[in-house]
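Below is one structure, written out as structure tokens; the observations come after it.
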Amino acid sequence: MHDMSIAELALGLRAKTFSSRELTEHFLARIGRFNPDLNALITVTGESALVSADAADKQLKNGLAHDLCGIPLLHKDIFCTRGTRTSCASKMLHNFIPPYDATVVENLAQTGMVMLGKTNMDEFAMGSSNETSFYGAVKNPWDTAKVPGGSSGGSAAAVAARLSPAATATDTGGSIRQPAALCGVSGIKPTYGRVSRWGMIAFASSLDQGGPIAKTAQDCALLLGAMAGFDSRDSTSVDRPVPNYHASLNDSIQGLKIGIPREYFSSGLDGRVAKAVQDSLTILRELGAELVDISLPNSHLSVPAYYVIAPAEASANLARFDGVRYGYRCENPKDLEDLYCRSRSEGFGEEVKRRILIGTYCLSAGYYDAYYRKAQQARALIRQDFTQAFDKVDVVMGPTCPTPAFRFGAKGDDPVAMYLEDIYTIATNLAGLPGMSIPCGLVDGTPVGLQLIGNYFAEAQMLNVAHQLQQVTPWHALQPEGLI
Ligand code: GLN
């Protein structure tokens, strides 16, 4: 059952080949077997999963169930779940049990999906390797000596290891796409505003966006359809109808114009990753697409602009964790100042503190113009690059990451090397555009990803292209050995 796609599982449930309870028990058993080593989940909610599964079985019996009804799912531990700890992989929130569900959690629960638990991640979604989690690193199921990517590494590793058919994730600078690439699964970061951020713990509010990770583009289409939609509780949520992403998956891609940015194939890119990406592009050309050479001349500004804007917003967002209202509080504070100071020093990890310091510095009087305003100007140029590109092409494609998965500790003492992991993904967040990663090959036995970037609200088209490619390539169906 764990090899089946969501679409196949949905058919199996309707044909009564298995029940949602059986499916849920099957995945819970796999979690029990493989998670102690992989560490992809922080919390397993086995008991409530079985209750939801029984409810889903009833709904399925009545015949009025949603396509996703009865399908198991994991939520990244950044989405608030009523009654279930939501830690953001931080000591700061180790004891936090939200009194409400995030909109995404609510939307997916309404379809009848069954939550199996919460996935591990980089602390407060800051990182590209999952090494910053308070609960320990997640291992890449393809090679357990290597990182799964981050920050949604738990979600990507869990889907890759077939511990769940689907998982939610978030992407501020690449955190859905980069781990999806490194673990050989499919993931989509929608247009900013497409999916509600309400109840999703904020990292950098102008960049954060939730989305699904699953085995295939088709599964992502089903999940995104249920996650997306207007939410009056999120002031940046866009009031625009959600298309039926599934309906257009089989549209022809004849005549589709694919822009290939020169800047994404420069010297920092591993040659073997480049080759895998090129091979996919060749197949797309054979399917009728036209490859167009384009330039995104301000690409080199994305990482520097991001590492001013994201920490600046993070420093403001994380100010709420003060040891007073909720979350970690230090022992025996001497006075209020000591309470703030020690609760934050003891509750946050190194990377989170680094970002708060950078952000506070960039926003301080005298530096605001030099850093924050400049970064916003760079952001406008990056957005303009894409607007011009989309005058000429329908979709932009290139690698998701510059290299395949690396070993634990390989970039540990060099934050800048780690930050460069997202060199091809960050621009999309700065521009607010949708981005997607699908597997496109293996390098040294671990997967690498092809990135698709679409125009605003063009998720349906990206999913269509990805699905067409997955109809004629084997990469999404491969799975790590030893996890049968
Ligand atoms: N790796 C990037 C960072 O550390 C992006 C993280 C994310 O998308 N949440 O900020």
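Just follow the structure's listing: the first ligand is 1, and inside any ligand the first atom is 1.
Classified by interplanar angle (parallel below 30°, tilted 30° to 60°, perpendicular above 60°), the ring pair H94/F134 is perpendicular. By the 30° and 60° cut-offs, the orientation of the rings of Y361 relative to Y367 is parallel.
At a heavy-atom cutoff of 4.0 Å, ligand 1 is surrounded by A125, M126, G127, S128, S151, D171, T172, G173, G174, S175, F203, Y306, Y307, R355, D422.
Partners of A276 by side-chain contact (heavy atoms from CB on, under 4.5 Å), not counting sequence neighbours, listed by chain and number: C440, V448.
The distance from atom CG of D77 to atom OG1 of T84, rounded to the nearest 0.5 Å, is 9.5 Å.
Among residues at least two apart or in separate chains, ring-ring contact (aromatic ring centres under 6.0 Å, His included) pairs with a member in residues 159-204 are Y100-W198. Screening residues 412-440 for ring-ring contact (aromatic ring centres under 6.0 Å, His included) gives Y264-Y424, Y307-Y419 as the qualifying pairs, with residues at least two apart or on separate chains.
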